[in-house]
Amino acid sequence: MTPKIFAGSANEPLAEAVAARLDLHLGSREVHVFPDGELQAELRESVRGEDIYFVQPTSPPAEKHLLELLLLADAAHRAGAARLTAVIPYYGYARQDRRASGREAVGARLVAGVLESGGLLERVVTVDLHTAAIEGFFGIPLEHLSAVPMLLDSVRPYAGEDGVVVAPDMGAAELAERYAEPLELPVAVIHKARISGSEVSVGSVTGEVQGRKPIIVDDMIDSGGTQRAAIDALIEAGCEPGIMAVASHGLFVGSAEEKLRDTPVERIVVTDSVPPPEGLELPLEVISLASLLAETIDRLHNDRSLDELIAHT
């Protein structure tokens, strides 16, 4: 028996690429949007007794894609599927992992609870969560993969001896170390303060960047505010041209293109966890997660350990 893979509407090309890696065709489904905005999901083939995998990042609009995923899972559960796994390459609401005040919701925990609700999903597969602490929000198995090795392979040919890996804030410092060690490069950290969801201010830069070519690494690029502030700080600190930006998830929402287009960034490397906006005029290189996700699905379906795969990532 082979697994069955269904795509949500958030990233059908990635789901198709994953299925192709496994010599499979995507399962047939239909998601209908009613005039009032309600969604209806229907599977167009039998899934009784099957091992089902839904590929659906909860990317913008996160609420729609999350609900669509749950509706597809409910349809499969009611149709007699044996096991349901949600493959969520990009996990929305991940930055809401704690309260800054006593009157805020912890969105990452709430979404984890929603995914567990009804006992529909047996496990969740995701890639490069904003913080590993989110793993503790789940009561069902969570397989946390990383795209860093794949991104490193793309970065390595361009990372000369004069490079420096830059964390655009303290939260990315550990991630910067994961890039810097195999590249044998030093690390610099930029100290920032967030003004709003899309605006940040930058303080000091810790580490030597003068005369070096920066490689800015983060888990995501969303509005571009963090990257733009980091680039401005690096230029002021005397870095060399030829800046590179690397992130697992490239959302490029709002004015991200405008913020990054007139900067001296020569390469922006992201994965296809989220489809890049059409017509994006940036020096973008997209690395596919298809092989990583296909290998994960194959191992889960055949009850083979993921330890080696996760250790490699």
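Because only heavy atoms are used, hydrogens play no part in the values below, and waters and symmetry mates are left out as well, while side chains stay in.
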Sort and list the pairs that fulfil salt bridge (charged side-chain N to carboxylate O under 4.0 Å, His left out) and have at least one residue in residues 276-292, not counting sequence neighbours.
-> Arg267-Glu285
Apply side chain to side chain contact (heavy atoms under 4.5 Å, CB included) to Ala81 and list each qualifying residue two or more places apart in sequence or on a separate chain.
-> Val47, Ile52, Ala76, Leu84
With sequence neighbours left out, which residue pairs that include part of residues 139-150 fulfil the salt bridge (charged side-chain N to carboxylate O under 4.0 Å, His left out) condition?
-> Arg123-Glu143
side-chain hydrogen bond (donor to acceptor under 3.5 Å, both in side chains) involving Glu68 - partner list, sequence neighbours excluded | Ser9, Gln56, Lys64
The ring-ring contact (aromatic ring centres under 6.0 Å, His included) partners of Phe138 (sequence neighbours excluded) come to Tyr91
For Glu12, which residues count as a salt bridge (charged side-chain N to carboxylate O under 4.0 Å, His left out) partner, sequence neighbours excluded?
-> Arg29
Please check if any side-chain donor atom of Arg178 sits under 3.5 Å from a side-chain acceptor atom of Ser146, or the reverse.
-> yes
Return yes if some donor-acceptor pair links the side-chain N/O of Asn11 with the main-chain N/O of Ser273 below 3.5 Å, else return no.
-> yes
Under 3.5 Å, is there a donor-acceptor pair linking the side chains of Thr126 and His144?
-> no
Qualifying residues under salt bridge (charged side-chain N to carboxylate O under 4.0 Å, His left out), relative to Asp74, sequence neighbours excluded = Arg78
Paired with Val125, the side-chain contact (heavy atoms from CB on, under 4.5 Å) test is passed by just one of Val55, Leu300, Ile88, namely Leu300
Consider only side-chain N and O atoms of Asp219 and Ser248, and report whether a donor and an acceptor are under 3.5 Å apart.
-> no
Taking ring-ring contact (aromatic ring centres under 6.0 Å, His included) as the test, write out the residues that go with Phe252, two or more places apart.
-> none
Can you tell me if CD on Glu161 sees more than 12 non-hydrogen neighbours from other groups inside 6.0 Å?
-> no
Non-neighbouring partners of Glu63 that pass side-chain hydrogen bond (donor to acceptor under 3.5 Å, both in side chains), sequence neighbours left out | Tyr93
Partners passing side chain to side chain contact (heavy atoms under 4.5 Å, CB included) against Glu45 (at least two apart in sequence or in another chain) | Lys4, Phe6, Ser28
What pairs with Lys213 under salt bridge (charged side-chain N to carboxylate O under 4.0 Å, His left out), at least two apart in sequence or on another chain?
-> none
For residues 226-251, the ring pair (Phe, Tyr, Trp, His ring centres under 6.0 Å) pairs (sequence neighbours left out) are Tyr90-His249
